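Here the structure is a predicted model, which is why all the values come from computation and not from measurement. Both counts, for ligands and for their atoms, begin at 1 and track the order of listing.
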Amino acid sequence: MGKLPSDIQSLMIKRSDFPAGFTWGVATSSFQIEGAGQQDGRGPSIWDTFCEEPDRIADQSNGLVACDHYNRLEADLDLIASLGVTAYRFSVAWSRVQPLGHGPWNEAGFAFYERLLVGLQKRGIEAYLTLYHWDLPQALQEQGGWNNREICQHFCDYACEVVRRFGDRVQTVCTHNEPWVVSILGHETGIFAPGIKDRKVAYQVGHHLLLSHGMALKAIRDMGFRKPLGIVLNQSPIYPASDAPEDVAKARLDDGIVVRWYMDPLFKGAYPADVLAWLGDDAPSVQAGDMALIAQPLDFMGVNYYTRNFSCASETWDAAKPGNPLTEMGWEIYPPGLTELLCRLHKDYTLPAIYITENGGAFKDPVVDGRVDDRDRVAYLHDHIQATLHAIEKGVDVRGYFVWSLMDNFEWASGYEKRFGIVHVDYTTLRRTPKQSALWYQSLLKG
Ligand code: FCB
């Protein structure tokens, strides 16, 4: 892959400082990299539909080709292996294996994931499989999507079929990626698919996501599957913008909406009372037995961490205010927030094993003479891996870390304009070029 400049080399972390058996990985998701949108019987997903609507995606792009990972699987697996990672986190596109989201299975779709899993196994890389990373079959959306309670059973059937076929080949199974995003960005602000703007719907959707998670965990365990099962949440510590009581109260509520709304039901079997009171009539309808199902024991929890947040009662917070650098997403770079978040969760909940299932940054990444000298990303990853180590030293049981992302990809509403990869993708030729950060990660992993 080439040589690292000495100032990047100096940002080294010793792998041996981490507990034995610590998992080191890279992460992706189906819609963001696979492409092959109309190949081999894949059904459309809500993101295909969303991309067709004008002005939903910054560069008016879509996921039909993306990184064409579907057709470049073997080369991409070699690329993953060349990094020296022990694990690869990816998601299954529900509409590729079950085009309508219920009813017939698509064997060609399953064959792709079979090839992926066999390829990982051959290369000695563990598979961290996510069942739902936002690409809902469009046919289910037409029946109300996540707002229709019946979807929970469809999700459960899909989950069981994937585990029945692939359970032997995976290391862990995760139900949902970031239910907050699906609920709030997909159904309250509407900036993500399916683009609905209705707070009541958003919270009902959130409830059905959690319920489907619990139902799937129970059903998978009832099949006799004994490997680690979990869920991935996006989280960030939320600080008040000032000591003013209104800001402190707003920060507490925002923490309830982002962190406790998911953590409390999963670990304590109840939604937080303050958020329920704030929602009033928009609170979700919950049936008897739902909360017990949601609170199934978890073998692990994934934390996706990118930045911290501030809450201000009177105005929108400017992320540049604290004076720290921002990523291309406009997100403040604040590594200590990861340590703080993990320690706080450890204090407030009885946590299972924790994995940092996503962490990374979007940067400008110009290609100069065939190289991408992304030292800002190296610094970002270095500082967050250190922050993870600090949490471990403070007693949090963190078992692994995954860089978001293996390669540049379709960054949802930002299209292809925001690059998170440690490998550069030229979207004209689809050529992959490892950035300096990939070389840096490789030398961390290979010692
Ligand atoms: C997370 C998503 C992931 C990626 C990163 C930047 O919220 O899980 O797909 O888009 O953000």
Side-chain angles (χ1 to χ4, degrees), residues 25-35 45-47 50-51 56-59 61-63 66-67 69 88-94 128-136 174-189 191-193 206 209 213 230-236 257-259 262 301-309 319 326-334 337-338 341 355-365 374 376-377 380-381 384 401-423 425 435 437:
V26 282
T28 64
S29 88
S30 46
F31 191 82
Q32 294 178 277
I33 64 164
E34 283 179 5
S45 79
I46 55 173
W47 273 92
F50 196 66
C51 291
R56 293 294 204 179
I57 311 297
D59 56 4
S61 62
N62 58 48
C67 304
H69 170 68
Y88 175 53
R89 174 174 180 248
F90 67 97
S91 73
V92 174
W94 187 350
Y128 280 58
L129 182 151
T130 297
L131 288 162
Y132 188 73
H133 200 126
W134 311 350
D135 41 358
L136 186 72
C174 154
T175 53
H176 288 289
N177 180 69
E178 303 190 346
W180 177 89
V181 170
V182 176
S183 158
I184 302 300
L185 303 189
H187 299 83
E188 185 179 359
T189 65
I191 61 170
F192 278 13
L209 289 165
H213 154 85
I231 189 167
V232 167
L233 304 178
N234 56 300
Q235 297 198 334
S236 84
I257 292 169
V258 177
V259 178
Y262 302 92
M301 183 177 84
V303 172
N304 293 351
Y305 177 83
Y306 289 94
T307 187
R308 67 170 164 181
N309 284 103
L326 309 182
T327 68
E328 281 294 293
M329 298 296 282
W331 298 344
E332 183 193 355
I333 302 179
Y334 190 67
L338 177 56
L341 169 75
Y355 291 86
I356 308 305
T357 32
E358 285 180 27
N359 174 245
F363 296 96
K364 278 217 160 50
D365 293 351
D374 60 339
D376 30 18
R377 181 174 291 102
Y380 182 103
L381 297 176
H384 285 84
Y401 174 91
F402 292 78
V403 173
W404 184 271
S405 179
L406 164 66
M407 58 184 154
D408 296 336
N409 57 48
F410 176 79
E411 179 45 37
W412 309 112
S414 307
Y416 298 97
E417 287 176 355
K418 301 289 186 253
R419 295 179 175 271
F420 275 90
I422 56 174
V423 173
V425 176
K435 305 177 190 176
S437 55

Between ligand 1 and the protein, find all N/O pairs closer than 3.5 Å and give the distance for each.
unit_1: ligand 1; atom_1: 7 (O); unit_2: Glu178; atom_2: OE1; d: 2.5
unit_1: ligand 1; atom_1: 7 (O); unit_2: Glu178; atom_2: OE2; d: 3.0
unit_1: ligand 1; atom_1: 8 (O); unit_2: His133; atom_2: NE2; d: 3.3
unit_1: ligand 1; atom_1: 8 (O); unit_2: Asn177; atom_2: ND2; d: 3.0
unit_1: ligand 1; atom_1: 8 (O); unit_2: Glu178; atom_2: OE1; d: 3.4
unit_1: ligand 1; atom_1: 8 (O); unit_2: Glu178; atom_2: OE2; d: 3.4
unit_1: ligand 1; atom_1: 8 (O); unit_2: Glu358; atom_2: OE1; d: 3.0
unit_1: ligand 1; atom_1: 8 (O); unit_2: Glu358; atom_2: OE2; d: 2.9
unit_1: ligand 1; atom_1: 9 (O); unit_2: Gln32; atom_2: OE1; d: 2.8
unit_1: ligand 1; atom_1: 9 (O); unit_2: His133; atom_2: NE2; d: 2.8
unit_1: ligand 1; atom_1: 9 (O); unit_2: Trp412; atom_2: NE1; d: 3.1
unit_1: ligand 1; atom_1: 10 (O); unit_2: Gln32; atom_2: NE2; d: 3.3
unit_1: ligand 1; atom_1: 10 (O); unit_2: Glu411; atom_2: OE1; d: 2.7
unit_1: ligand 1; atom_1: 10 (O); unit_2: Glu411; atom_2: OE2; d: 3.2
unit_1: ligand 1; atom_1: 10 (O); unit_2: Trp412; atom_2: NE1; d: 2.9

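- Counting all heavy atoms, side chain and backbone alike, Val258 lies closest to Trp180 at CG2-NE1, 3.8 Å.
- The salt bridge (Lys or Arg N to Asp or Glu O under 4.0 Å) check on Asp408 picks up Arg419, Lys435, with sequence neighbours excluded.
- Cation-pi geometry between Arg89 and Phe402 is not met at under 6.0 angstrom from the ring centre and within 45 degrees of the axis.
- Judged as a side-chain hydrogen bond (donor to acceptor under 3.5 Å, both in side chains), and not counting sequence neighbours, Tyr416 has no contacts.
- Salt-bridge formation is not detected for the pair Asp376/Lys364: no Lys NZ or Arg NE/NH1/NH2 atom is positioned less than 4.0 Å from an Asp or Glu carboxylate oxygen.
- Qualifying salt bridge (Lys or Arg N to Asp or Glu O under 4.0 Å) partners for Glu188, counting only residues two or more places apart in sequence or in other chains: none.
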